[in-house]
2 protein chains.
Amino acid sequence: MRLTVRLVDIAARGILLHHNDAKSLGVLAGDRIVISSPVTGKATVDYVETTGTLIDQGRIGVYHHTNEQLTLTENEVVEVRVADRPVSLDYIKKKMEGEKLTREDIRAIVADIVQDTLSPSEITAFVVSSYINQLDMDEIESLTRAMVETGDQLSFHAGPIVDKHSIGGVPGNKISLIVVPIIAASGLLIPKTSSRAITGAGGTADLMEVLAPVEFSASEVQEMTIKTGGVIVWGGATNIAPADDKIIIQEYPFKIDQIGQMIASVMAKKFAVGADVVAIDIPVGKYCKVHTIEEGKKLARQFIDLGERLNMRVECALTYGDAPVGRAIGPKLEIKEALSVLEGSDSPRSLIQKSCVIAGIALELAGKANRGEGANLALEILRSGKALKKFLDIIAVQGGTPDVSSEKITVGEHFYTVRADSTGYVIDLNNHSLITIARTAGAPADHGAGLYLHAKHGTSLSKGDPIFTIYADRKWRLEKAIEEARRLRPVMVEGMLIDRVPNVREWVPGRSRNLE
Amino acid sequence: MRLTVRLVDIAARGILLHHNDAKSLGVLAGDRIVISSPVTGKATVDYVETTGTLIDQGRIGVYHHTNEQLTLTENEVVEVRVADRPVSLDYIKKKMEGEKLTREDIRAIVADIVQDTLSPSEITAFVVSSYINQLDMDEIESLTRAMVETGDQLSFHAGPIVDKHSIGGVPGNKISLIVVPIIAASGLLIPKTSSRAITGAGGTADLMEVLAPVEFSASEVQEMTIKTGGVIVWGGATNIAPADDKIIIQEYPFKIDQIGQMIASVMAKKFAVGADVVAIDIPVGKYCKVHTIEEGKKLARQFIDLGERLNMRVECALTYGDAPVGRAIGPKLEIKEALSVLEGSDSPRSLIQKSCVIAGIALELAGKANRGEGANLALEILRSGKALKKFLDIIAVQGGTPDVSSEKITVGEHFYTVRADSTGYVIDLNNHSLITIARTAGAPADHGAGLYLHAKHGTSLSKGDPIFTIYADRKWRLEKAIEEARRLRPVMVEGMLIDRVPNVREWVPGRSRNLE
């Protein structure tokens, strides 16, 4: 069928047909058609939406993102036909039926996700099917490889390449801002791609963006890493494992944490940047993705197993996840806290301790420190000021202004301190509520917004003592956040490292002890 | 947040925000926001799409169907806030986890489907979850009741009310055009809602639409039924069990036939029109939804069980499904064939036989005929000419021209006859291929398009004898269909009724025999 183009000013993919043309073509809303231009020879597949009024019969509405591929002009005539049904739908159906998917099946599904051949609903069907009929390790490996193959990859001549990952869910987890500079200062390469907050008060990429641009192509990430030893960029801009974001967005309404997909997602990014060694931080706690140490150990073994299949050395630390890391939550508050640690502050202890444990694992895996000595080496690099210098270099290479210090960071001008209404010890803390308050105050979009905790676990409070302060860039946001805060009783517990897999250790600054 | 309206000329529901406003509001693409107008006080919930270019910061793009509810004007200022997460998502998650849903859970899900509170992806998650973790009979009953309660219902003072349903998949299944007039002519009421073809060459509503309008409200259906005894309308226009279409559309890409949802879908429509007795036609065959007699019996028992829970008397006929019913496939061809039977033709036998068996079941259930005598009574009504008269009345009451006859129906002007290229008996027939050819020829959108079969099972063909003729309204469509037809070897088997549940019988015109 030949139809006349009408360009539609909508920032999405899509095709709009008149009901009668759709019927004549034999397609329903949601079906796929192939549109091809006899002028340019370009063709693409896209979904049909139908209308009885907005497009005349004989016309085809082409949305903005679809036309980015086709570069059609208004009133051009295009050829339209029904697209073949993607074979990947059969593989998704296969998973629905409880069968095991082959590497080729999964590659087809992932390729169709990346190319927008599958609709959001169809991706949801894949997500739900592999949530109910869990992926086994062969399928997880296939998914990981497929995610890597369908995106850009880095390749370094020198090695070993280091990477780290923290499973999300713990507020204030700004440790990458300290771990990456420590690793880079040790002479290793760490091309760190981070995420933005989806449900949190700020992902590492949201924090870093306060100081420098974070959107780069894979090849820019590679060049900057070679130059400086490390970067902290937003993974979403790199086209590294691009299928991942499209899968995660479908999990979001249901708060699905499909373990297999999560492992594949993490490891695909590590594999794609060429990592040889990977330190993984698995927070354990009642508000975390992992609720018990047993679950944490099982997850750690899966990461390690998959690492072996992909020829990466992986070690995991089970960390305490029921309390925020450090005292600050929200972009500028966290940046300020991380900078103060890099500048030599000896508090907050939980932040220093956790950063050095994770950096230490990587240093040991990469051969920079003996077993059990990595965290001490990390602390040494931190205290030497080399990590601070490296962090400023990273800011500079990414195009930010390296003239920063914790003192110069100004947080939200509107603030309010919540105080104890009775005397006693802090005994519980709801991470979800803290995040909600910080988000209500404007984090992460309002950089100055967030929370600062004055009291942590073990703190004895008298009536009237400050518990936490809410910061906001906008007054009405502060008021909303105060309302939210009236429902909250904060509690905090110190000591971050519960367990480490494959080794069980405990570490405190200045002391080395291996409990194996 | 307050934003200025920009009306967007797109025939869909949706809201377009600038990235920065979305971030500031704390929503991602796909999240729900509440938009309310301080001018009119109207409010609605809708999904967000985001853009960096097409909408300025501070503006909100409102799509056409969303604005049908809000009636905003260009440049009006609206209030926008994050919508609460629908609690039905938790119930869908519950089904994902393999738990049983309560009546209240299912009611919440169905209500949110009907009100467009759930996105297509979220509906898919429900479909896939209840496909993998099959609904039990309690859940099927809850789903049926919820579908009924969230739509319009009919209520008649007289009774019994009759309904019939054929499980789809068999081409040429125009029996409703004969069954409905027979039942109405017997003095019973049959408010028949039918579907349009999704993957077939024509649903009953597509056929009837050639003769009369088929889009009516539930109350119009009720009035017309009281007046004439029966109607044949499109269910999609009535707002009877409106959740059903929204569920089915999500099953379509995967060709999911979720048995529980299918049973609920059929029975909800029967329950909503106030049916007391229901005859269900279950075609069994290799190209049908039901492949074996055992499966068919199991399905029949589920229909009967659900009927008992809803206080409807249900009886099912397992029918032969490997061949088309009659010889005609495609709107006008089928109308012509059905009219000729109503006018007194004694062929095609398969069509007469099947129509009388299904009508006979209904007549028996409604007490118009003794057990085992229903089909004979149906045939009597058919041969008396009363059914023809009633059919013309139905056309008239729906606003069509009752001045029709099989002779006056003109089929596609372009046609081509496929002939036997060797001598022998017809031994197999691929229904899927027949449908594909009919659709390629233009059915159901082109009313004159379709197929007419000259040979059925047992037919001995000499080389050069006609097997079937393809009809089309447009020449290029005919050519495409001929191409498709070159791949087909047609085969046909006669005798439609395999089995009947709860009774096993065999029936041939003019003879009554009960094999119980």
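Below, read A as the first sequence line, B as the second, and so on, with proteins coming before strands; counting in each chain starts at 1.
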At what distance, to the nearest 0.5 angstrom, does [atom1] of [X] lie from [atom2] of [Y]?
X: B:Thr436; Y: B:Glu484; atom1: OG1; atom2: CD; value: 6.5 Å
X: A:Ile33; Y: A:Ile15; atom1: CD1; atom2: CD1; value: 5.5 Å
X: A:Asp245; Y: A:Ser195; atom1: CG; atom2: OG; value: 9.0 Å

Side chain, backbone, both or neither: which part of [X] has an atom under 4.5 Å from a heavy atom of chain B?
X: A:Leu25; result: backbone
X: A:Glu122; result: both
X: A:Leu16; result: side chain
X: A:Thr50; result: backbone

Which of the residues [options] is involved in the greatest number of heavy-atom pairs with chain A at under 4.5 angstrom?
options: B:Gly442, B:Ser24, B:Gly61; result: B:Ser24
options: B:Glu97, B:Met96, B:His64, B:Lys23; result: B:Met96
options: B:Glu49, B:Arg477, B:His65, B:Arg32; result: B:Arg477
options: B:Ser119, B:Ser121, B:Ala125, B:Ala443; result: B:Ser121
options: B:Val127, B:Asn133, B:Thr124, B:Asp31; result: B:Thr124

Among A:Pro444, A:Gly98, A:Pro120, which residue has the highest count of heavy-atom pairs closer than 4.5 Å to chain B?
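Highest number of heavy-atom pairs under 4.5 Å: A:Pro120.
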Residues A:Arg59 and A:Asp21 bridged, charged N to O under 4.0 Å
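So A:Arg59 does not pair with A:Asp21 through a salt bridge.
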I'd like to know if the side chain of A:Ser129 and the backbone of A:Lys95 have a donor-acceptor N/O pair within less than 3.5 Å.
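Absent.
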Which residues satisfy the side-chain contact (heavy atoms from CB on, under 4.5 Å) test with B:Ala205, sequence neighbours excluded?
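Once residues adjacent in sequence are excluded, the partners of B:Ala205 under the side-chain contact (heavy atoms from CB on, under 4.5 Å) criterion are B:Ser194, B:Arg196, B:Trp234.
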Side chains of B:Glu99 and B:Tyr91: do they bring a donor and an acceptor to under 3.5 Å?
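Not at all, the side chains of B:Glu99 and B:Tyr91 share no donor-acceptor pair under 3.5 Å.
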